Amino acid sequence: MVDYRREGNVAILTVNNPPVNAISTRVKDGIYECISRAKNDTKVSVIVIHGHGKHFIAGADIHGFSGQRESSKVVATLPEVIAFMEASNKPIVAAIHGTALGGGLEIAMGCHYRIATKSARVGQPEVLIGILPGAGGTQRLPRLCGLGPALDLISTGRHIKAPQALKLGIIDKIVSDDILKEGIAFAKAVIDKPLNGRRISTLPVKDAENAEQLISAANASVRKRQRGMMAPIWNIKAVAESIKLPFDEAMEKEAEYFTVLVTSSQARALQYAFFSERLAPKWEVPGVASYNTVKPMNIKTAAVIGAGTMGTGIAMALLNARIPVTLVEQNKQFLEKGVKMIQDLYAGSVRLGKLTADQAKYLLSNLKTSLSYDDLSTVDCVIEAVYENMALKKEIFAKLDNACKPSAVLCSNTSSLDIDEIASATKRPDKVIGTHFFVPAYYMRLLENVRGKLTSPETIATVQSLGVRIGKIPVVVGNCDSFVGNRMLGTYTSEAQFLLEEGALPHEVDSVIKDFGIPIGAFEVSDLSGLDIGWRIRKERYEKLEKSGKKHDPNARFINGERFSPLGDTLCEKGRFGRKTGMGWYRYEKPGAKEPFIDAEITTLLEDYSKKHNITRRKISPQEIFERCFYPLINEGFKVLEDGIATRPEDIDVIWINGYGWPKYTGGPMYYANQIGLDKIYDTMCYYYEQHPTSSHWRPSALLRDLAKQQLPISQWGKQVASRL
Ligand SMILES: CC(C)(COP(=O)(O)OP(=O)(O)OC[C@H]1O[C@@H](n2cnc3c(N)ncnc32)[C@H](O)[C@@H]1OP(=O)(O)O)[C@@H](O)C(=O)NCCC(=O)NCCSC(=O)C[C@@H](O)CCCCCCCCCCCCC(=O)O
Ligand SMILES: NC(=O)c1ccc[n+]([C@@H]2O[C@H](COP(=O)([O-])OP(=O)(O)OC[C@H]3O[C@@H](n4cnc5c(N)ncnc54)[C@H](O)[C@@H]3O)[C@@H](O)[C@H]2O)c1
């Protein structure tokens with residue numbers, strides 16, 4: 001775990017715990033033992049510590065916070081080991097490459113010098129997994145780089161690159177990539193230098209005079225950006241102790257606050273989410289194949305069909321990963337509009353300093369445009385993003401099948417349509433798959449990859465690997481109406497509207513949703529994306545119904561015996577499409593304005609509606625709003641597992657956290673269901689199903705029922721499904 005060797009008078013400690021040199025108990029013990037050995041070795045004058053493989057040390061082993069910790073051979077805790085290092089009379093140099101994160105940076109700060117390669121990154125990301133730097137980071141970092149930067153780094157968890165770390169004084173020098181050679185050379189040069197002033201715990205906190213202002217600014221930022229999360233507040237509180245107390249006493253406070261956080265349910269949920277996100281790319285279709293049995297194709301070039309909202313975003317996601325893209329549109333005007341959208345977004349990134357003008361120019365140089373499918377004969381992969389219309393998509397897939405080379409993978413960005421039907425328009429259904437991006441596609445991390453009945457494992461492997469390459473979290477799901485995310489969302493949006501019919505107002509529903517931690521309410525999001533989108537899709541369904549001989553009544557509250565709310569259609573008929581028309585479920589100052597206001601016209605409309613349908617409006621409690629919005633959504637997640645549409649509860653949680661703003665600190669809907677108690681959810685589902693028998697989303701899932709009855713957690717779901725199949 002930690003190797004020791006001596007080269008002349010330099011002791012070299014190599015941390016070797018793949019994949020990221022995380023600090024397990026054995027690594028901590030190993031460091032302690034090696035430092036002791038070097039201190040006692042009279043031939044050693046200086047010590048270098050570095051990491052084997054791609055990283056210096058990426059922090060404490062996260063598994064250790066919730067699982068069983070290995071017992072320690074040495075009594076010292078990590079903070080004590082670091083204090084022991086700092087007290088050494090032989091200089092210790094941290095030679096950093098890859099990352100020095102969390103406990104890794106804390107170990108580096110226990111050293112007397114820190115050098116790093118240019119591409120190395122440092123940070124205290126503990127807040128992101130619900131804890132705080134518990135090995136002196138909250139006390140040493142403000143002494144090293146100042147209170148303001150320390151508050152920023154510790155409360156946001158962001159990583160910074162070596163050049164910025166150098167500016168902030170976190171590292172002493174940037175060196176070449178031969179980090180060990182550089183470490184040894186640096187160590188030899190500092191052998192005789194006095195260590196006074198190099199022990200960070202003995203230094204004063206920089207910027208202490210501005211403490212009050214800096215701490216209140218940090219708290220204000222956390223309240224705005226990390227609403228609902230407890231870790232950022234405790235992180236700031238711990239850093240603030242560096243101003244009030246001597247180092248040793250402040251360290252006691254750090255340990256006290258660390259214990260509060262490490263035992264919290266938010267920390268457990270965030271750590272579960274951390275590992276779930278890393279599990280998602282490792283897809284598995286039981287009985288078919290999995291990520292470690294199939295090789296992906298190498299995608300060198302791609303095409304995107306449709307240069308609208310999604311097509312332009314997808315093209316940018318590909319370009320950003322240095323994949324050349326051919327963008328195809330139906331006519332010159334739409335094509336130019338799409339290209340301008342991409343150019344404007346890159347220009348915006350240059351203005352914000354996120355890209356240099358040269359980088360933006362380079363990315364754009366990989367964008368080709370075309371109005372003809374003939375230009376796609378050599379691309380490896382095509383992603384279609386035209387209007388959500390089955391006939392149009394089938395027509396395009398047939399054309400792509402003729403135009404593209406036989407090995408090309410053909411993907412659709414459809415958000416709801418049947419992938420098998422789209423694939424049926426081609427002679428290569430094995431190479432057809434859904435790649436459902438989320439808006440804005442260049443930014444949102446979720447990629448829902450929808451496998452059809454005939455999609456080959458190689459095609460699945462290819463889009464999963466492409467997803468990782470373009471910086472997404474790819475999740476494989478099965479083919480059903482609206483797939484996983486939107487299928488579950490459907491229950492939530494329907495129920496939100498039923499609540500309006502029965503007495504709630506849009507802002508009352510939205511505030512319960514936002515209080516739970518979803519950043520935007522159901523009606524606010526509907527106004528943002530435009531009510532007309534759903535209306536267009538519903539109108540197509542009504543037309544289909546009419547064609548099959550069933551007349552659609554615009555006031556109907558039931559379709560095929562299923563409860564339905566026509567309120568969305570009513571608003572659209574009045575031109576209330578949301579923000580873009582200045583009115584939707586809310587009123588806006590002008591079209592395009594962002595701030596929603598409660599609209600008396602909507603209140604009257606709802607009251608008239610309820611009267612017309614003989615519904616007695618009542619005050620609906622926040623608890624009922626919560627249960628009615630979220631329990632059917634969770635229940636649908638269980639049905640998705642039952643149907644084999646998702647293969648793991650973790651995948652559903654990743655989808656909701658990364659695609660729909662579900663608060664990560666609750667772990668996602670499936671993890672959260674366990675926290676509430678599956679029996680409680682099941683009983684509540686039964687209660688509401690009795691009250692609303694015409695809403696099939698209240699019918700409890702059999703899987704939920706079985707787990708609840710047997711008092712089993714969701715982690716046991718696999719056995720349940722297997723026993724029933
Ligand atoms: C490092 C990364 C940036 C790498 O990213 P990349 O995209 O390249 O790779 P992946 O993210 O896919 O990761 C690869 C692989 O590695 C696993 N992994 C990554 N980091 C860790 C980790 N820290 N622990 C465990 N495993 C990790 C990952 O799961 C992947 O494997 P898999 O099989 O799942 O595919 C990126 O990975 C990253 O950002 N990692 C997280 C970095 C992080 O969050 N670091 C902080 C960790 S918390 C910490 O360091 C706390 C410290 O402050 C120390 C606290 C000490 C508390 C002591 C309190 C005193 C009480 C006294 C008693 C205690 C006794 C004792 O001391 O023992
Ligand atoms: N907008 C979203 O939030 C969102 C999210 C996820 C998925 N989707 C899905 O992505 C797809 C595209 O949605 P959008 O919002 O980008 O639509 P959009 O209306 O913004 O863009 C569609 C584009 O397709 C072009 N197009 C139409 N027919 C074409 C043809 N024959 N050849 C080439 N181009 C053609 C149109 O000119 C238009 O520019 C839909 O399937 C939608 O369901 C949308």
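In this text, all values refer to a predicted model and were calculated from it rather than measured experimentally. First listed ligand is number 1; within each ligand, the first listed atom is number 1.
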In this structure, CG of Asn389 is separated from NZ of Lys394 (nearest 0.5 Å) by 11.0 Å
A student checking ligand 1 against Thr77 at a 4.0 Å heavy-atom cut-off should list atoms 62 (C), 63 (C), 67 (O)
Under 4.0 Å from one or more heavy atoms of Glu126, ligand 1 contributes atoms 48 (S), 49 (C), 50 (O), 51 (C), 52 (C), 53 (O)
Counting heavy atoms under 4.0 Å, the part of Gln124 that contacts ligand 1 is neither
Q. Just checking, any donor-acceptor pair under 3.5 angstrom between side chains of Asn235 and Glu126?
A. no
Testing the 3.5 Å rule here: is there a donor-acceptor pair between the side chains of Asn486 and Glu448? no
Going by the 4.0 angstrom heavy-atom rule, the piece of Asn331 near ligand 2 is neither
Closest to atom 13 (O) of ligand 1 (heavy atoms only, candidates Lys282, Arg278, Glu106) is Arg278
Within 4.0 Å of some non-hydrogen atom of Gly308, the atoms of ligand 2 are 16 (O), 20 (O), 21 (O), 23 (C), 39 (O)
For Val20, the atoms of ligand 1 under 4.0 Å from one of its heavy atoms are 16 (O), 18 (N), 19 (C), 20 (N), 21 (C), 27 (C)
If we number the atoms of ligand 2 from 1 as shown, the ones under 4.0 Å from a heavy atom of Ile396 are 30 (C), 31 (N)
Subject >> Sub-4.0 Å heavy-atom approach of Gly137 to ligand 1 >> reply: no
**Asked** Is Lys161 atom NZ crowded by more than 12 heavy atoms from other residues, nucleotides or ligands, each under 6.0 Å away?
**Response** no
Under 4.0 Å from one or more heavy atoms of Pro19, ligand 1 contributes atoms 15 (C), 16 (O)
Per-atom filter on ligand 2: closer than 4.0 angstrom to a heavy atom of Tyr373 are 32 (N)
In ligand 1, the atoms that come under 4.0 Å of a heavy atom of Ile129 are 48 (S)
At under 4.0 Å between heavy atoms, what of Lys393 touches ligand 2? The answer is side chain
The side chain to side chain donor-acceptor pair (under 3.5 Å) partners of Asp177 (sequence neighbours excluded) come to none
Nearest heavy atom to atom 22 (C) of ligand 2, choosing from Ala385, Ser412, Gly530, belongs to Ala385
side-chain contact (heavy atoms from CB on, under 4.5 Å) filter on Ala162, not counting sequence neighbours, yields Ala116, Ile171, Ile174
Does Glu540 pair with Lys544 as a salt bridge, N-O distance under 4.0 Å? no
Is there at least one pair of N or O atoms, one from Phe258 and one from ligand 1, spaced under 3.5 Å apart? no
Restricting to heavy atoms, the pick from Pro79, Ala22, Ala60 nearest atom 60 (C) of ligand 1 would be Pro79
Checklist entry - With a 4.0 Å cut-off, would you call Glu86 and Arg140 a salt bridge? => result yes
among protein heavy atoms, the one nearest atom 16 (O) of ligand 2 is Met310 N, 2.8 Å
Under 4.0 Å between heavy atoms, the region of Phe437 that gets near ligand 2 turns out to be backbone
- Do Thr138 and Glu241 meet the criterion of a side-chain donor-acceptor pair at a distance under 3.5 Å? no
heavy-atom search around atom 10 (O) of ligand 2 in the protein gives Asn413 ND2, 2.9 Å
Could you label the plane-to-plane angle of the Phe577 and Trp535 rings as parallel, tilted or perpendicular, counting under 30° as parallel and over 60° as perpendicular? tilted
Under 4.0 Å from one or more heavy atoms of Pro133, ligand 1 contributes atoms 53 (O)
Ligand 2 atoms nearer than 4.0 angstrom to some heavy atom of Ser415 are 7 (C), 8 (N), 9 (C), 42 (C), 43 (O)
Phe275 heavy atoms within 4.0 Å reach ligand 1 at atoms 29 (O)
Fill in: Arg469, CZ atom: more than 12 neighbouring heavy atoms under 6.0 Å
yes
If you compare Arg26, His55, His63 by their heavy atoms, the one closest to atom 2 (C) of ligand 1 turns out to be His55
One finds that the ligand 2 atoms under 4.0 Å from a non-hydrogen atom of Leu392 are 28 (N), 31 (N)
One finds that the ligand 1 atoms under 4.0 Å from a non-hydrogen atom of Leu78 are 54 (C), 56 (C), 67 (O)
Is any side-chain heavy atom of His436 closer than 4.5 Å to a side-chain heavy atom of Asn413?
-> yes
* Return a yes/no value for Ile62: is any of its N or O atoms, backbone included, closer than 3.5 angstrom to an N or O of ligand 1? => yes
Nearest non-hydrogen contact to atom 42 (C) of ligand 1 from the set Ala76, Gly59, Ala58 belongs to Ala58
